[in-house]
Amino acid sequence: MNDVVKGRVELLVKNKALLQKDFFLENGLITVIAGAAFAEKDKTADPDFVKECRELLRKKKGPFSEMRGNNELLISTKMALSGNPEQYIDDVIKVYDKLQSGKIFGSSYRVLAATSVCDAQKVNDADKIVEKTEAILKGMKSAHPFLTSDEDTGFAVLLAMTEKGVDQILTELEESYECIKKHFAFHDNAAYSLAQVLTTCEGDINENSQKAIELFDAFKNAGFKYGKEHELPSLGILVNLGKDTSEIVSEVIEVVESFKGQKGFGMLDMSQQTKLMLGTMIVASVYNENLNTANTSVANGALSILIAEQTALVAIISASAVAVVSSSN
């Protein structure tokens with residue numbers, strides 16, 4: 001395992017334990033993602049400072065705000081890492097309000113999308129990004145009305161922050177989806193989300209799509225079947241690392257294997273598919289740091305962290321929905 005990757009894994013495990021101790025009522029997957037955000041910056045989690053940021057967030061937003069609940073620890077963590085917590089949360093609120101304009105109901109996904117704009121330090125471009133995001137989502141809904149929802153907002157914002165025009169984005173998105181959907185039959189929504197991630201990448205869209213399929217098959221052949229549900233989009237962040245498929249897959253699997261025996265990473269805590277997603281996030285964030293791309297502010301850790309956050313949020317929402325249905329029967 002790459003020494004930097006190994007250090008990042010050890011830091012993630014340490015951070016998860018620190019955060020879980022102080023935020024024991026939080027969903028375990030949320031503390032993992034919060035710990036990963038610290039690790040991505042090569043920092044040890046500071047639960048006390050995160051608590052201070054949480055108090056500031058609570059002063060700014062009431063208990064029914066979409067920035068509270070499942071998003072609260074993630075936003076508090078980002079505030080703690082920002083260098084200026086109050087400015088950060090004010091910026092997030094400002095961008096969220098722009099994304100929320102004209103909409104009746106709030107959205108946890110739009111909150112995460114707002115943080116991605118702030119993390120990319122593009123708050124001053126928020127109006128243009130929001131306008132472009134709306135155009136992208138409109139095109140997506142026109143082409144696939146049953147596949148496009150609030151869940152896509154985060155990826156649409158990332159697409160809007162690239163240098164690609166709206167028409168190019170929608171064309172490449174459709175080409176990618178057509179290329180990969182047969183390989184992920186009966187998982188159309190996840191395949192469409194993967195296509196969105198692939199469209200954020202540089203290079204030929206068909207080659208990138210084939211690379212994603214190649215990676216999926218390589219994991220399967222190695223005995224580590226990648227998830228076809230909410231984990232699938234994360235596969236896209238491995239495509240442009242400039243490494244051979246076998247090398248990438250081996251590195252991610254080593255990360256997954258290193259989770260064995262670690263508290264909070266057992267079979268009862270998370271599935272192998274979730275661990276593969278985390279391994280992918282760590283490997284991608286490390287290797288992306290060494291790449292000099294035109295869209296580095298988007299491509300670096302921001303993309304991998306956002307995908308992980310989206311995955312965690314969707315998993316928690318899904319679990320809550322199942323619990324509600326079960327309790328009503």
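Heavy-atom basis, side chains included; hydrogens, waters and symmetry copies ignored. Here the structure is a predicted model, which means the values were calculated and not measured.
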Side-chain donor-acceptor pair under 3.5 Å between [X] and [Y], yes or no?
X      : Y      : result
Gln273 : His230 : no
Gln20  : Thr31  : yes
Ser234 : Thr280 : no
Gln196 : Asp152 : yes
Gln210 : Asn206 : no

Can you sort out the partners of Lys128 under salt bridge (charged side-chain N to carboxylate O under 4.0 Å, His left out), two or more places apart, ordered by chain and number?
->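 Residues passing salt bridge (charged side-chain N to carboxylate O under 4.0 Å, His left out) with Lys128: none at all.
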Pairs meeting criterion side chain to side chain donor-acceptor pair (under 3.5 Å) with involvement of residues 129-140, two or more places apart |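 For residues 129-140, and leaving out neighbouring residues, the side chain to side chain donor-acceptor pair (under 3.5 Å) pairs sorted by first residue read Lys103-Glu134.
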Which pairs, with at least one residue in residues 213-223 and sequence neighbours excluded, count as a side chain to side chain donor-acceptor pair (under 3.5 Å)?
->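 Counting only pairs at least two positions apart or across chains, the side chain to side chain donor-acceptor pair (under 3.5 Å) contacts touching residues 213-223 are His183-Asp217, Glu214-Thr245.
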Looking at CD of Glu229 and OG of Ser271, how far apart are the two atoms once the value is rounded to the nearest 0.5 Å?
->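 The CD atom of Glu229 sits 11.0 Å away from the OG atom of Ser271.
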How long is the gap from OG1 on Thr199 to OH on Tyr177, to the nearest 0.5 Å?
->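 The OH atom of Tyr177 is 13.0 Å from OG1 of Thr199, to the nearest 0.5 Å.
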Test side chain to side chain contact (heavy atoms under 4.5 Å, CB included) applied to Asp150 - qualifying residues, sequence neighbours left out =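 If we apply the side chain to side chain contact (heavy atoms under 4.5 Å, CB included) test to Asp150, skipping adjacent residues, the hits are Ser107, Tyr109, Arg110, Thr153.
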Looking at every heavy atom in both [X] and [Y], which two are closest together, and how far apart are they?
X      : Y      : value
Leu194 : Gly236 : CD1-N, 3.5 Å
Gly106 : Tyr96  : CA-OH, 3.3 Å
Asn208 : Glu202 : ND2-O, 3.0 Å
Asp42  : Arg8   : OD1-NE, 3.0 Å
Ser176 : Leu198 : OG-CD1, 3.5 Å
Ala126 : Val95  : CB-CG2, 4.1 Å

4.5 Å side-chain heavy-atom contact, [X] and [Y]:
X      : Y      : result
Asn189 : Phe146 : no
His144 : Glu174 : yes
Arg54  : Leu73  : no

With a 4.0 Å cut-off, would you call Lys243 and Glu251 a salt bridge?
->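 No, this pair does not count.
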Which residue pairs satisfy the ring-ring contact (aromatic ring centres under 6.0 Å, His included) criterion with at least one member in residues 5-29, sequence neighbours excluded?
->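 Output for this query is empty, none listed.
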With sequence neighbours excluded, give me every ring-ring contact (aromatic ring centres under 6.0 Å, His included) pair touching residues 238-284.
->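 Qualifying pairs, neighbours excluded: Phe259-Phe265.
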Dump the intermediate steps for salt bridge (Lys or Arg N to Asp or Glu O under 4.0 Å) on Asp127 and Lys98, then the final yes or no.
-> CA-CA 7 Å; Asp127 287 330; Lys98 291 178 184 296; 2.8 Å; yes
Hey, which of Lys61, Lys51, Arg58, Lys78 is the one that makes salt bridge (charged side-chain N to carboxylate O under 4.0 Å, His left out) with Glu72?
->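 Only one option passes, and that is Arg58.
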Between Phe224 and Phe219, is the gap from one ring center to the other below 6.0 Å?
->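 Between Phe219 and Phe224, which both carry aromatic rings, the centre distance is not below 6.0 Å.
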